[in-house]
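Written below as structure tokens is the structure these notes are about.
Every chain is numbered from 1 and lettered A, B, ... according to where its sequence line falls, protein lines coming before strand lines.
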Number of protein chains: 2
Amino acid sequence: MVTLEDVAKQAGVSLATASRVLNGSTRQVGAALRARVEQAADELGYRANIAAQTLARGASNVIGIVVHDLTDPYFAALADGAMRAAATEGLLVMVGTTHRDPEQEIAYVATLHAQRVRAVLLVGSRVADPAVTGRLRDELARYQAGGGRAACVGQDLLGVDTVAPANRQGAAELARALAGLGHTKFAVLAGPPHLVTAADRCAGFAGALGELGLPAPQVIHGPFDRDGGYAAAQQVGDATCVFAVNDVMAVGALAACRERGIRVPEDVSVAGFDDIVTLRDHVPALTTVRLPLKDMGARALVLALNEDDPVVVEQVAGEVVLRESVRRMT
Amino acid sequence: MVTLEDVAKQAGVSLATASRVLNGSTRQVGAALRARVEQAADELGYRANIAAQTLARGASNVIGIVVHDLTDPYFAALADGAMRAAATEGLLVMVGTTHRDPEQEIAYVATLHAQRVRAVLLVGSRVADPAVTGRLRDELARYQAGGGRAACVGQDLLGVDTVAPANRQGAAELARALAGLGHTKFAVLAGPPHLVTAADRCAGFAGALGELGLPAPQVIHGPFDRDGGYAAAQQVGDATCVFAVNDVMAVGALAACRERGIRVPEDVSVAGFDDIVTLRDHVPALTTVRLPLKDMGARALVLALNEDDPVVVEQVAGEVVLRESVRRMT
DNA sequence: GCAGACTTGGAAACCGCTTTCCGGGAGGTC
DNA sequence: GACCTCCCGGAAAGCGGTTTCCAAGTCTGC
């Protein structure tokens, strides 16, 4: 590969001068030399070695994003928001996918630390297991001790800056809205019991029903994805309204209903959570709680880069969106 | 940050020994020293500086993937396939999104070159503009001249290893299948004229119709995304069957039909291309041409890493999948 | 015309790690 | 017991940049 030294030699200048011309510096270089250097660099096809720059400067221009699954539109939207924000700051992005394995997540933080990335964004739900959360916290603390910055989208469990969707409130509002339509018998496709996001949404929903004096919903646990929703929907009893704790599960539930000849919303109403853009053309249109996912991703990046000391936790409110997958009870 | 020197000092050994213990080497280190070093590293919370390793070793363990848009499930699936393959090789992934700007794509290749990534994967359709393709080729050539490896998913336009979906054949087969159902009047939502993937699919489709002695389809150009399909669908004339050159556009077209009270498939049949997994629950289920996207992404990574000299171009066949969005004409 | 303030180019130290090259000690062979 | 290997630890030379520190001009202003 072409090095700066090659360029300097070809241009007949010192390494220092070549560096100042090509790779940004506070110091000026005369027009004549500057032109010579630029021409030499171009002729040789020079590209600065960023590993060397990172080493010399002691600071890298890449950030790391850790998500569970890129093919899940929820994570894709969040990651996209963060990446757009990163691009405006001139930062590059390393993306890691854990496929929901917490060990992978810890390993990724270690790797990104080793890369000396400027910041790490952890996107996605934490599991409630204190042992694994503790190890993740330790790994993050190590990274931060060395000057690394971190932020998280999800629950405030890691002691870092956090963009936290208001899952409980959102689910509670949704419950009130659905109750307002006259529903009284609910089921919740609740996802995995140890997943905090899922548990919060479920709890918020059930709590609001309790406050309204309505009977507790039937709670059905299962995986947090489309197939989990599909499977859980089979177990729904006599509820008139089913709340899936995320949109992807709701879509699975709708598919299950369709296959079994259960009409939505005539026979049963279905609601989700997140308002995934890709699903906007789904039939029937999904009632859900809208989260500004792209903004949240971008916001998390800003928080991570922010120098301020105190850990900040930003609550992001969701907005109930009623669509045709639910009906008014008469 | 903790450096290897700190560890070596704390363990009372030389830098060389510490390096050999912690960061893999062909050479053995005695058990006693090895233990001392490991303990010191653990106490201090040492993480190797990968920038320094990359510099010293002259080889990095990251690969770059350039896609147009991560929130498009087509790219997400491809990227996910490549990332899984990368993970099995112990490689890290940098993802760049161009948002369909060819200049961005060139800039990303330059940046990844500067990062000295082990390989670059270019995912997504090329534009037909020879000027911009030429500049991208130049940039890639520069990178490869320095020992970089590259591969591409899409058209074989860059002179690098390529995984090429058989767009023409797939579209032709689809056309034959639809004609076999009795359709004779077709429209094609053809995407942008300069996008090679779109053009190939359109040409393959039209060509097959011609061979069957059917009239040429109405061709409507527009953006390559959901909204493009939505808008183009408004201009369809008296066709009984509409082919959108990708699934996302087809979904937009279906939405347009729905809004205008046009029933699918009763009033008009609609087909897409790609078989996006996220859309499997769409109603009506979309007739399409299935592409093994994850495999293609993984395959591209393997090709890129492959040392062999001759440029290889792998055709990937699509498989026509007839679903309820098309009907048999009687 | 000259002191002093700015500019600008270059030499060299340094960033954190890998790896070659040396050297000393242990173990094996005859 | 001498000689040869083999094994393993350490010193030091890079890897490709950045940046500090000097020194030599170049401009000012009076």
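B:Gln53 has a side-chain polar atom (N or O) that falls below the 4.0 Å cut-off from OP1 or OP2 of C:dT18. Between A:Asn49 and the phosphate of D:dC15, there is no side-chain N or O to OP1/OP2 separation shorter than 4.0 Å. The phosphate of D:dT18 (OP1 or OP2) has a side-chain N or O of A:Ser19 nearer than 4.0 angstrom. Between D:dG10 and B:Thr17, a contact under 4.0 Å exists linking OP1 or OP2 to a side-chain N or O.
Between atom CG of residue A:Leu301 and atom CD of residue A:Glu89 there is a gap of 6.5 Å, rounded to the nearest 0.5 Å.
For the pair B:Gln28 CD and C:dA26 C1', the computed distance is 16 Å after rounding to whole Å. Per the geometry, CG belonging to A:Leu15 stands 10 Å off P belonging to C:dA11, to the nearest Å. Following rounding to the nearest Å, A:Glu5 (CD) and C:dG10 (P) show an atom-to-atom distance of 14 Å. Following rounding to the nearest Å, B:Met1 (CE) and C:dG16 (P) show an atom-to-atom distance of 10 Å. Going from atom CG of B:Leu33 over to atom P of D:dC8 covers 11 Å, rounded to whole Å. Look at CG on A:Asn23: it is 13 Å from C1' on D:dT19, rounded to the nearest Å. Between the CG atom of A:Leu44 and the C1' atom of D:dG17 there is a distance of 16 Å, rounded to whole Å. A straight line from CG of B:Asn61 to P of C:dT18 spans 12 Å, rounded to a whole angstrom.
No hydrogens or angles were tested; on distance alone, nothing pairs the side chain of A:Arg57 with the base of D:dG17 as donor and acceptor under 3.5 Å. In this model, a side-chain donor or acceptor of B:Arg20 finds a partner on the base of D:dG10 within 3.5 Å.
Among the heavy atoms of the strands lying under 4.0 Å from B:Ala48 are primed sugar atoms or P, OP1, OP2 only; no base atom is included. Looking at heavy-atom distances under 4.0 Å, A:Gly58 makes no contact with the nucleic acid at all.
Between the side chain of A:Thr162 and the main chain of A:Val160, a donor-acceptor pair closer than 3.5 Å is present.
Inter-residue side-chain proximity for A:Met83 and B:His99 is flagged as unmet; no heavy-atom pair is nearer than 4.5 Å.
Comment: B:Lys294 engages B:Asp80 in a salt bridge, judged by a side-chain N to carboxylate O separation of less than 4.0 angstrom.
Other residues, nucleotides and ligands contribute more than 12 heavy atoms inside 6.0 Å of the CD atom of B:Gln315.
Between A:Thr3 and B:Val13, the residue anchored nearer the 5' end of DNA chain D, judged by the nucleotide with its closest heavy atom, is B:Val13. Between B:Arg27 and B:Leu55, the residue anchored closer to the 5' end of DNA chain D is B:Arg27, taking for each the nucleotide with the nearest heavy atom.
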